[in-house]
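Chain letters run A, B, ... following the sequence lines, proteins first and then strands; every chain starts at 1. The basis for the numbers below is simple: all heavy atoms, side chains too, and nothing from hydrogens, waters or symmetry mates.
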Amino acid sequence: MFFIKIRNTFVWNMNFSKEIKGWFARHKRDLPWRTQNDPYQIWLSEIILQQTRVAQGLPYFLKYIEKYPTIKDFANADLDEVLRIWQGLGYYSRARNMHFAAQQIMNEFGGEFPRTYKELIQLKGVGAYTAAAIASIAYDEKVAVVDGNVYRVLSRYFNDATPIDSSEGVKLFQKLANELIEKENPGDHNQALMEIGALVCTPKNPDCENCPLSSSCEGFNKNTFSNLPVKSKKVKVSERYFTFLHFECKGKIWIQKREAKDIWNGLFQLPMIETDQKMNFQDLKKHEIIESNNVKSIEYRTSLVHKLTHQKIFADFYFVELGNFKENNTYQLIDKIDLDNYALPKLIVNYLEVSNC
DNA sequence: AAAACGGGGCC
DNA sequence: GGCCCAGTTTT
């Protein structure tokens with residue numbers, strides 16, 4: 001036990017780092033990316049786990065490692081295939097950025113995975129958190145990670161209500177994290193802090209009884225922990241109206257690749273019309289997409305509401321019977337059975353399921 | 001500095 | 001229905 005200097009005051013501390021590393025050794029979860037120190041696998045796991053729970057990301061990690069055992073395999077992969085494997089995980093720019101970063105490693109780093117924080121952060125999709133995670137876990141560099149878990153644990157431990165989504169908060173908690181880490185097993189230190197956040201110092205009903213930090217935790221001792229951490233911003237949810245057209249004939253179907261700087265960039269969808277309010281059937285019938293094709297009938301199928309963090313999407317689905325498929329620059333005509341080969345938004349997957357396709 | 005970017009689990 | 005998850009990039 002000794003004192004450390006934090007925020008210009010001396011705080012009683014029982015060697016914070018040793019304590020959490022000891023706890024980690026006893027309580028860490030058995031996770032596949034913890035069985036080795038391959039920077040490629042560490043990187044893959046870190047990208048997958050951004051804004052994603054371990055339980056959700058785990059099967060994706062296994063799929064990628066099996067499909068692409070090395071960074072070289074990943075770099076040589078087709079982006080559409082990488083996205084297809086990513087299907088359902090969300091934040092698809094992560095997959096596109098990984099593919100880009102893999103080629104950066106092959107071209108700019110001679111196929112050798114970068115070894116330092118400074119180099120790692122140059123990779124696309126690798127920010128301060130991920131660079132610190134890889135550098136500390138794979139290469140024992142003493143750099144502190146600050147993720148959602150660390151914000152929660154430290155804001156409670158120091159009873160600090162500085163908003164974590166303010167630039168001041170980002171700097172403050174990075175500074176605190178930097179002061180706590182030691183050169184001895186920095187990777188374990190970082191993982192320990194996150195593991196405590198994930199398993200003990202949870203957002204709701206934290207298990208302070210079994211927390212190795214509770215005796216010196218100000219948030220616990222002052223009973224303020226349930227109000228920490230503080231976030232200042234509110235997310236605003238926009239409402240969008242999508243009308244999807246299911247053109248199908250003799251086992252063929254039209255799909256379209258999304259390439260705008262928008263949701264689902266790089267994924268495939270059914271031909272779609274976006275309107276600023278729910279589209280009525282009369283407007284649909286006289287829409288250019290319908291008028292310019294040999295349409296025999298239009299049949300309403302179903303409506304789905306797709307709720308996301310920043311968007312609430314109201315989707316209507318129509319089955320359109322065609323006399324024939326006309327040549328078209330915006331849509332691709334594929335065998336319906338091949339839909340499995342394309343990365344589709346979960347909304348489309350849901351539609352195909354409920355409509356028994 | 002703020003907004004955009006998915007999907008799922010928990011309460 | 002709101003919050004949050006091993007955050008980063010773009011505006």
With [atom1] as the reference atom in both, quote the distance from [N] to [M] in angstrom, rounded to an integer.
N: C:dT8; M: B:dG9; atom1: P; answer: 24 Å
N: C:dA6; M: B:dC11; atom1: C1'; answer: 22 Å
N: B:dG6; M: C:dC4; atom1: C1'; answer: 13 Å
N: C:dC5; M: B:dC5; atom1: C1'; answer: 14 Å

Side chains of [X] and [Y]: donor-acceptor distance under 3.5 Å anywhere?
X: A:Asn149; Y: A:Arg152; answer: yes
X: A:Tyr129; Y: A:Gln50; answer: no
X: A:Ser303; Y: A:Asp316; answer: yes
X: A:Glu81; Y: A:Tyr68; answer: yes

With sequence neighbours left out, which residue pairs that include part of residues 18-38 of chain A fulfil the ring-ring contact (aromatic ring centres under 6.0 Å, His included) condition?
A:Trp23-A:His27, A:Trp33-A:Phe61
Per the ring-ring contact (aromatic ring centres under 6.0 Å, His included) rule, what does the pair list look like for residues 192-238 of chain A, sequence neighbours excluded?
none
A:Phe113: which residues meet the ring pair (Phe, Tyr, Trp, His ring centres under 6.0 Å) condition with it, sequence neighbours left out?
A:Trp43
Over all strands shown, is [X] touching base, sugar-phosphate only, or nothing at heavy-atom distances under 4.0 angstrom?
X: A:Asp165; value: nothing
X: A:Leu89; value: base
X: A:Ala128; value: sugar-phosphate
X: A:Gly90; value: base
X: A:Val126; value: sugar-phosphate
X: A:Trp33; value: base
X: A:Arg34; value: base
X: A:Gly88; value: sugar-phosphate

How close or far is atom [atom2] of [N] from atom [atom1] of [X], stated in whole angstroms?
X: A:Lys171; N: B:dA1; atom1: NZ; atom2: C1'; result: 13 Å
X: A:Lys124; N: B:dC5; atom1: NZ; atom2: P; result: 16 Å
X: A:Leu199; N: B:dC10; atom1: CG; atom2: C1'; result: 15 Å
X: A:Asn205; N: B:dG9; atom1: CG; atom2: C1'; result: 15 Å
X: A:Lys233; N: B:dA3; atom1: NZ; atom2: P; result: 8 Å
X: A:Leu83; N: B:dG7; atom1: CG; atom2: P; result: 12 Å
X: A:Leu58; N: B:dG8; atom1: CG; atom2: P; result: 16 Å
X: A:Tyr92; N: B:dC5; atom1: OH; atom2: C1'; result: 11 Å

Members sharing [X]'s hydrophobic cluster (side chains within less than 4.5 Å):
X: A:Ile121; value: A:Tyr117, A:Val143
X: A:Val305; value: A:Tyr241, A:Phe314
X: A:Leu322; value: A:Leu245, A:Phe247, A:Trp254, A:Ile273, A:Met279, A:Phe281, A:Leu284, A:Ile289, A:Ile290, A:Val295, A:Ile298, A:Tyr300, A:Tyr318, A:Val320, A:Phe325, A:Tyr331, A:Leu333

I'd like to check the salt bridge (Lys or Arg N to Asp or Glu O under 4.0 Å) partners of A:Arg53; sequence neighbours left out, ordered by chain and number.
none
Under 4.0 Å: is that the gap between some side-chain N or O of A:Gln311 and OP1 or OP2 of B:dC5?
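For B:dC5, OP1 or OP2 has a side-chain N or O of A:Gln311 closer than 4.0 Å.
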N/O (side chain, A:His310) to phosphate O (OP1/OP2, B:dG6) under 4.0 Å:
no
Return the 5'-most residue of the pair A:Lys346, A:Ser166 with respect to DNA chain B, ranking by each residue's nearest nucleotide.
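In this pair, the answer is A:Ser166.
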Taking for each residue the nucleotide of DNA chain B with the nearest heavy atom, is it A:Glu168 or A:Ser93 whose nucleotide lies nearer the 5' end?
A:Glu168
Is there a donor and acceptor pair, one atom on the side chain of A:Thr52 and one on the base of B:dG6, closer than 3.5 Å?
yes
So does A:Thr309 reach the base of B:dG7 with its side chain, donor to acceptor, closer than 3.5 Å?
yes
Would A:Thr130 and A:Leu120 satisfy side-chain contact (heavy atoms from CB on, under 4.5 Å), going step by step from the backbone distance to the final call?
CA-CA 8 Å; A:Thr130 306; A:Leu120 286 161; over 6 Å; no
With sequence neighbours excluded, residues passing side-chain hydrogen bond (donor to acceptor under 3.5 Å, both in side chains) with A:Arg156:
none
Salt bridge (charged side-chain N to carboxylate O under 4.0 Å, His left out) pairs touching residues 194-213 of chain A, sequence neighbours excluded, are A:Arg29-A:Glu195, A:Arg34-A:Glu195
Hey, can you pull the residues of residues 259-270 of chain A with a non-hydrogen atom under 4.0 angstrom from DNA chain B?
A:Asp262, A:Ile263, A:Trp264
Heavy atoms within less than 4.0 Å of DNA chain B: which residues of residues 131-149 of chain A have one? Give them sorted by number.
none
Please list, in 5' to 3' order, the outermost nucleotides of DNA chain C lying under 4.0 Å from any heavy atom of chain A.
C:dG1 to C:dT11
